[in-house]
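Just so we're on the same page: letters track the sequence lines, and every chain starts at 1. From a predicted model like this one, the values you see are computed outputs, not experimental measurements.
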Amino acid sequence: MEKYNHKKIEKKWQEKWDKNKPYKAEDFSKKEKSYLLIEFPYPSGDGLHVGHPRPYIGMDVIARKRRAEGKNVLYPIGWDAFGLPTENYALKTGIHPKEVTKKNTDIFRKQIKSLGISFDWSREINTSDPEYYKWTQWIFLQLFKQGLAYKASVAINWCLSCKIGLANEEVTEGHCERCGGETEKRQKEQWMLAITKYADKLDKDLDDADYSESIKIQQRNWIGKSEGALIKFPISDSQFSIDIFTTRPDTLFGATYMVFAPEHRLVQDLKSQITNFDEVEKYINDTKKKTEIERMMEGKEKTGVELKGIKAVNPANKEEIPIFAADYVMVQYGTGAIMAVPAHDQRDFEFAKKFNLPIVEADLVDMDEVIEKVKGKKTIKYKLRDWVFSRQRYWGEPIPIIHCDKCGPVPVPEDELPVELPDVKDYKPTDSGDSPLANVEEWMNVKCSKCSRNAKRETDVMPNWAGSSWYYLRYTDPRNGKAFADKKNLKYWTPVDWYNGGMEHTTLHLLYSRFWHKFLYDIKKVPTSEPYQRRTSHGIILAEGGEKMSKSKENVINPDDIVEKFGADTLRLYEMFMGPFDQAIAWSTDNMIGVRRFLEKVWRLQEKVIDSKNNSETLLHKTIKKVNEDIETMKFNTAVSAMMILVNELENEKEVPKEVFETFLVLLAPFAPHTAEELWEKLGNSNSILSMKWPEYDSSKTVKDKAQIAVQVDGKVRAIIDISTDENEENIKEKALLDENVKKWTKDKEIKKVLYVNGKIVSIVTD
RNA sequence: GCCUAGGUGGCGGAAUUGGUUUACGCGCACGACUCAAAAUCGUGUGGAGAAAUCCAUGUGGGUUCGACUCCCACCCUAGGCACCA
């Protein structure tokens, strides 16, 4: 027998698959379709690390099982290629992001192919390809035409020395990550998408979605639907009044002060009446330097400043109450101002204690009555905010809008799409904070498509989230030049049957793509109201020490080295075996030896195979059942363990019937496809193992476990007794009481109760 | 701070969802094979104890005949917090 040679085997089968394309999805096949999706990778310059392929392997196991079940599987892959890291790399090196992306995707593709994952490579897409982003721009235009894209003034992070807008990630404690200089919040006009118009649908339709409960809860909390009322508080000696939003109008009598968010407009409007405005202004400026998380993190140490010289009137009891500006109130939520009820709200309580404000226990009154009394208005508010869609950057989809002095913002005509990214000299944003595209005169200056006067292109580009909000639709018809996908293809393939991705995408990406999908459904461009039938998540792989893998920490494990040394099948099997699929887990090359040994054991079993039918009872059918169930629930680790138990058993036998071994290989194939194919061929089969049907569990062929149950006395296990499965309860109880060890513990005691839980346990309770 | 997960041997983890804690794998120890080593195979392996037995699932309480599992409080770790992907 030849030694198990992973290099030879894996090369051989990967070449065959490349040639025969057994993983190609067939449009409109009569077979039942199964659309399986993983989050397409961002092709970073760091290359693939062993964490990337874990979700691909997990879904590959499912894809291969589905094919064996006779399904027409679509399991596609592409590149989420626009984004900040590539642009920053271009800034540093001057190399065009297009070239960087090309280089990185070439590396990623080669690495992924070396793992034998059954992607349909003929449908590969790239969000930075003009043929792709043409349709991202097209969707934006539809949103614009329906009034869901609009411009608004938004606070952005601004580096005072680099003079550019920064992503939150590029700001730490009020300082710019690149230059270390100070940053502040600055207002800037940005394109917005009105996702809040879909808040209710996005919330409600979760009811019927097959998402794990934690994903649903996290989305629901993010959307943050709350029912309450708007109540008007007049400002004394002034024509102004202020609406507040509260979910507890019944506590109105306990409102002893008011708080505005420091950015609240009324603070500026009331400037002339505020006697300590210098102090107030200083506080507002301090707030500008903090990020939102920093504001919240300060936790119990509340800060704020009283707006002296003005008072508000509590509409319930007409009492004058003081007004504060404090950063624990957020300007985006509700109306940006609250009534503070320290007796009933923890944060208000902490603030009141710090500023010595009265804490008044409110007589809870009937909600509806009080709302009517103070002429309030019942409302529903959401925590969800509209989506800031502009980036003053280069490496993204240009927003297809033309600004005309006369006509205002005008959409680029659809037949002129895509608006392609022009080459630029420098990837640095302009000093005014505009995108580097603003420096490309010949690109920017155009004629208005409505009135033909001189006009200017929008120079903002879209965020990375845009391309990833609809990519699963493109896979159904990736080369279509006339539409983002043909209706027939969409009808056949959508919705995605199973989408697996990272828990870190639960609130942003997942919600954004549901929003776009629902919008496309409303304008009748897709056939379903939800994009994904089922959503599951995986945990990330950490470095050996339990830290995140990153180039800077020099703890990255490259799959190339593992594949070279141990083989793709070992890597695949280990990534499935190492721990629960949905949890973060640390890599361990030492532990990986175990699955390699397992594969070698499987390899050696070929020597024991005899040409006969299976007569003896084995664990085979128990294993079929377990592996089958575990794949469906993504408990890949226990599926592998079940196969190990079977192989350990077979190894102890003198002979292994061919039928048993072949069935086992079909079970193994989704996990270790190269090894399974090779052994399958060695057994004399001329067809591929890929053509084999998934084995069915037959309960009549399982080994009958001898029943053994535990006997507890006062909650502690004192004996194990043998029972037969058909034995009746009285017999079992009697047997338990007669056991020597049980007697020892029940002696001199009065037996109060004897419980029998069917097939599980006898529990004896004494006095 | 808020939302979502998670915390079990020396290590990764398992536990039929309230019923024999530690499956499977790594490591370690001993044995077989070998001139020897590697590989492989076998046996053992939560802690304390001579044993009976006792103690162990982050910590402290509670419910229950019985709790890793349910409830309350707390501690720690990971993910997210809207311009990272």
Side-chain angles (χ1 to χ4, degrees), chain A residues 39 41-42 44 80 82-85 88 154 156-157 165-171 190 195 212-215 217-222 224 291-301 328 332 347 383-393 463-465 468 502-509 511-512 537 539-540 542 546 548 574 577-580 582-588 590-595 597-598 600-601 604 635 637-638 640-645 648 651-652 708-720 744 752-755 757 759-766:
Chain A
E39 285 167 347
Y42 177 75
S44 78
D80 189 12
F82 276 132
L84 198 56
N88 285 344
V154 174
I156 63 160
N157 299 307
L166 297 174
N168 284 344
E169 198 182 58
E170 298 173 294
V171 180
Q190 307 274 20
I195 189 173
S212 73
E213 211 44 42
S214 63
I215 293 176
I217 293 170
Q218 228 178 315
Q219 283 221 353
R220 282 227 164 83
N221 290 340
W222 184 260
T291 66
E292 235 172 86
I293 293 175
E294 280 167 350
R295 280 169 66 164
M296 291 182 281
M297 280 290 275
E298 277 159 13
K300 296 194 171 169
E301 199 46 52
Y328 78 97
Q332 316 85 343
R347 286 168 313 168
K383 283 215 182 72
L384 185 69
R385 317 204 290 248
D386 276 347
W387 176 4
V388 182
F389 202 65
S390 285
R391 302 290 184 271
Q392 288 74 44
R393 296 280 178 169
N464 172 274
W465 308 109
S468 60
M503 202 62 193
E504 71 275 20
H505 291 119
T506 302
T507 46
L508 297 178
H509 160 66
L511 206 62
Y512 289 151
S537 48
I540 57 166
L542 305 165
K548 246 189 170 169
Y574 176 59
F577 179 66
M578 63 194 300
D582 60 355
Q583 271 165 50
I585 192 157
W587 179 266
S588 163
D590 285 348
N591 282 352
M592 196 180 61
I593 303 297
V595 293
R597 284 181 191 151
F598 165 71
E600 287 173 5
K601 228 183 254 185
R604 286 195 306 268
K635 291 181 178 166
N637 52 336
T638 48
V640 175
S641 141
M643 289 192 285
M644 285 173 167
I645 293 169
N648 286 345
E651 206 206 11
N652 286 328
Q708 274 198 333
I709 62 166
V711 183
Q712 291 186 341
V713 180
D714 293 327
K716 294 211 164 169
V717 176
R718 297 301 180 187
I720 307 289
K744 189 175 131 194
K752 270 176 70 180
K753 219 195 301 185
V754 181
L755 285 133
V757 183
K760 284 177 176 165
I761 207 158
V762 177
S763 183
I764 299 165
V765 190
T766 71

query = Nearest nucleotide by nearest heavy atom, which residue falls closer to the 5' end of RNA chain B, V757(A) or Q392(A)?
reply = V757(A)
key: Residue whose closest nucleotide on RNA chain B lies nearer the 5' end, E213(A) versus K601(A)   = E213(A)
key: Rounded distance in Å between the C1' positions of U69(B) and A14(B)   = 14 Å
inquiry  = Roughly how many Å apart are G7(B) and G13(B), using the P atom of each and rounding to a whole number?
reply    = 9 Å
Taking 4.0 Å as the cut-off, does a side-chain nitrogen or oxygen of [X] come that near to OP1 or OP2 on [N]?
{"X": "K635(A)", "N": "A14(B)", "answer": "no"}
{"X": "N591(A)", "N": "G27(B)", "answer": "no"}
{"X": "R597(A)", "N": "C26(B)", "answer": "yes"}
{"X": "N88(A)", "N": "C84(B)", "answer": "no"}

ask   = Tell me, do V595(A) and M592(A) make a side-chain contact under 4.5 Å, heavy atoms counted?
value = yes
task = Could you tell me whether the side chain of T291(A) reaches within less than 4.5 Å of the side chain of N168(A), counting heavy atoms only?
result = no
remark   = Considering only heavy side-chain atoms of I585(A), the closest of C24(B), G12(B), C65(B) is G12(B)
task = Between G19(B), A85(B), C26(B), spot the one nearest the side chain of E504(A), thanks.
result = A85(B)
request  = Determine the interplanar angle of the W465(A) and H505(A) rings, folded into 0 to 90°, and report it as parallel if under 30°, tilted if 30 to 60°, perpendicular if over 60°.
outcome  = perpendicular
inquiry  = Are there runs of at least three consecutive Watson-Crick or G-U pairs touching RNA chain B, with each pair's two distances under 3.5 angstrom? Give them by first number.
reply    = B:1-7 with B:75-81, B:10-12 with B:24-26, B:27-32 with B:40-45, B:46-48 with B:53-55, B:58-62 with B:70-74
request  = Could you tell me whether the side chain of Q218(A) has a donor or acceptor atom within less than 3.5 Å of a complementary atom in the base of G80(B)?
outcome  = no
message = Set out, in order, the CA-CA distance, both residues' side-chain angles and the distance that settles side chain to side chain contact (heavy atoms under 4.5 Å, CB included) for S214(A) and M503(A), then state yes or no.
response = CA-CA 10 Å; S214(A) 63; M503(A) 202 62 193; 3.7 Å; yes
query = In terms of side-chain heavy atoms, does K383(A) have a donor or acceptor partner in N221(A) at a distance below 3.5 Å?
reply = no
